[in-house]
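See below for the structure under consideration.
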Amino acid sequence: MPPMQNPPDLRPDLAPAARLGDGPARPGQPSLGMVSLGCPKALVDSERILTRLRAEGYAISPDYTGADAVIVNTCGFLDSAKAESLEAIGEALKENGRVIVTGCLGAEPEYITGVHPKVLAVTGPHQYEQVLDAVHAAVPPDPDPFVDLLPASGVSLTPRHYSYLKISEGCNHKCKFCIIPDMRGKLVSRPAHAVLREAEKLVEAGVKELLVISQDTSAYGVDRKHDLHPWKGEEVKSHILDLSREMAQLGAWVRLHYVYPYPHVRNLIPLMADPANGLLPYLDIPFQHGHPDVLKRMARPAASARTLDEIAAWRADCPDITLRSTFIVGYPGETEAEFQYLLDWLDEAQLDRVGCFQYENVAGARSADLPDHVPDEVKQDRWNRFMEKAQAISEAKLEAKVGKRLQVIVDELDGDGATCRTWADAPEIDGNLFIDEDFEDLKPGDILEVEVDEASEYDLWGKRLRN
């Protein structure tokens, strides 16, 4: 058996590391660096900012010293994330000295300037124009229209073969542990034709996998009253079902993240079960807990009993569906009985991919005012027990895949082999499938068939099948 791989980083507030670098700047070309923290939604914001700046003639520097200024896109999801953001700002100030702050933590400018008064500007989340204004003031643009105009593919911080696609901003829920609605506002959905046009352009540019993200993907279009938009000579409704159906025809894998288990989600499952389209049988659903009383204290918009019924219905329609989720242990008031209920719920739900984090107080979140906070040592013990249970489920499910033939997408190559993912694995947060022979002619983005021959707690190994 190969050595056990490290478990994936399962924090729900993290995106893949930004991959910067845009070639050497021409003489005299203004250059900017970017530090992108937080979730995939923040990563999309970073990509949009850099796309606009690249179009205006700025070079993108992969390090502090080569940049005329640095943009730090912050996260404010947890207190630990805030601390990480402040640390990143401090490092950028130390290494470069000229720093513009944006993102979720930017919604609290006094919090940032109180620690780092020398930052050039602070803007909030998705305030693209304000970021551009701050950059223009700090580093005036000097475009060369013959070489600096943006190519159609834009600037991407993720590998070329997959791309995040944000379909809406904000959230209408009022979960007590979360301050995202305060930072990013209520749900605002993009027009359906704009999303589809972006998806189509990404696929035309070589993207093989679209990762659909928002704060609440299954609520897409609610704020627009599911209005109609022209698309390819017909009309498409601003609804996640219509959007998924159209994206599934573009010739790429389509993966849905942050889906709340509303009843209409069941209508997506037949699409996922149909191998003729690209909508992957994969749902990322933030359940957060299993006990109804804890969910009530969280002010979550779903009940655990109905959720188990929904899971059973999804699997009846699509037996191969992969379900991933994240959970909080040690929420204020969580009793040992409620936690044990969660473990039993997990046993019944048999989720494929599970992440868990210990509850943290977040400034501004209503949960901080709840009584009966759980001691840190109890939270750690429950996290250990939860992850032990989740790991055992994952190990059994992956072992059952040994001998099966699966499609995989190649992410990276080195001298030892190819690191791939099955359609059941999202990049960076789920497991991998490794090919350690007959891989020399592969390249990132290739999709091929393998036969699984080994499994560990989180990862698979397989051999390439040739037609």
Side-chain angles (χ1 to χ4, degrees), residues 7-14 38-41 75-84 104 171 173-183 215-216 257-261 283-305 307-308 311 323-349 351-391 393-394 429-430:
D9 191 333
L10 295 170
R11 273 179 57 184
D13 58 318
L14 297 181
C39 65
K41 293 174 285 296
C75 178
F77 181 70
L78 300 169
D79 284 355
S80 55
K82 291 182 177 181
E84 183 181 16
C104 287
C171 181
H173 298 305
K174 296 179 179 175
C175 304
K176 290 187 178 180
F177 57 83
C178 183
I179 59 171
I180 285 176
D182 296 326
M183 293 188 295
Q215 267 79 37
D216 183 357
H257 286 278
Y258 312 118
V259 177
Y260 283 80
L283 281 176
D284 174 10
I285 302 175
F287 290 124
Q288 306 296 16
H289 210 278
H291 196 284
D293 291 344
V294 179
L295 290 169
K296 187 174 182 180
R297 292 198 298 273
M298 290 178 170
R300 293 292 288 169
S304 61
T307 298
L308 288 172
I311 290 172
L323 302 177
R324 96 168 306 278
S325 189
T326 52
F327 293 83
I328 299 171
V329 295
Y331 189 77
E334 182 189 56
T335 65
E336 176 61 26
E338 290 170 340
F339 174 71
Q340 186 60 51
Y341 182 103
L342 171 60
L343 294 182
D344 295 341
W345 187 94
L346 193 61
D347 258 336
E348 186 169 352
L351 303 178
D352 303 84
R353 306 280 186 266
V354 173
C356 179
F357 61 102
Q358 299 174 42
Y359 172 81
E360 286 185 27
N361 277 331
V362 177
R366 293 177 294 156
S367 56
D369 298 326
L370 290 173
D372 303 321
H373 282 245
V374 178
D376 287 345
E377 61 272 18
V378 176
K379 287 191 284 189
Q380 182 65 49
D381 175 69
R382 289 176 183 174
W383 186 89
N384 292 339
R385 290 155 63 195
F386 182 96
M387 291 307 299
E388 183 179 4
K389 171 78 69 176
Q391 180 176 303
I393 293 172
S394 174
I429 56 175
D430 293 333

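Numbers here are sequence positions counted from 1.
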Contacts satisfying salt bridge (charged side-chain N to carboxylate O under 4.0 Å, His left out) that involve residues 286-298 (not counting sequence neighbours) are R297-E338
Please lay out, stage by stage, how I285 and Y258 fare under the test side-chain contact (heavy atoms from CB on, under 4.5 Å). CA-CA 5 Å; I285 302 175; Y258 312 118; over 6 Å; no
For Y331, check ring-ring contact (aromatic ring centres under 6.0 Å, His included) against everything at least two apart and list the hits. Y359
Could you list the residues that satisfy ring-ring contact (aromatic ring centres under 6.0 Å, His included) with F386, not counting sequence neighbours? F327
Identify, with sequence neighbours excluded, every residue that meets salt bridge (charged side-chain N to carboxylate O under 4.0 Å, His left out) alongside R366. none
Evaluate side chain to side chain donor-acceptor pair (under 3.5 Å) for D344 paired with Q340, printing each intermediate quantity in order. CA-CA 6 Å; D344 295 341; Q340 186 60 51; 3.3 Å; yes
Would you find a donor on one side and an acceptor on the other, under 3.5 Å apart, between the side chain of W345 and the backbone of H291? no
Distance-only, no hydrogens or angles: does the S367 side chain make a donor-acceptor pair with backbone N or O of K176 under 3.5 Å? yes
Tell me whether K389 is salt-bridged to E348, with the criterion being a basic N under 4.0 Å from an acidic carboxylate O. no
Would F287 and L351 count as a side-chain contact (heavy atoms from CB on, under 4.5 Å) if you check the C-alpha gap in whole Å, the side-chain angles of each, and the deciding distance to 0.1 Å? CA-CA 11 Å; F287 290 124; L351 303 178; 3.9 Å; yes
Taking only Lys NZ, Arg NE, NH1 and NH2, and the carboxylate oxygens of Asp or Glu, determine whether D352 and R324 approach each other closer than 4.0 Å. no
Stepwise side-chain contact (heavy atoms from CB on, under 4.5 Å) test for Y260 and R300: CA-CA 10 Å; Y260 283 80; R300 293 292 288 169; 3.4 Å; yes
Pairing residues for E334 by the side chain to side chain donor-acceptor pair (under 3.5 Å) criterion, not counting sequence neighbours: H289, R382
Quick one: list whatever passes salt bridge (charged side-chain N to carboxylate O under 4.0 Å, His left out) with D376, sequence neighbours left out. K379
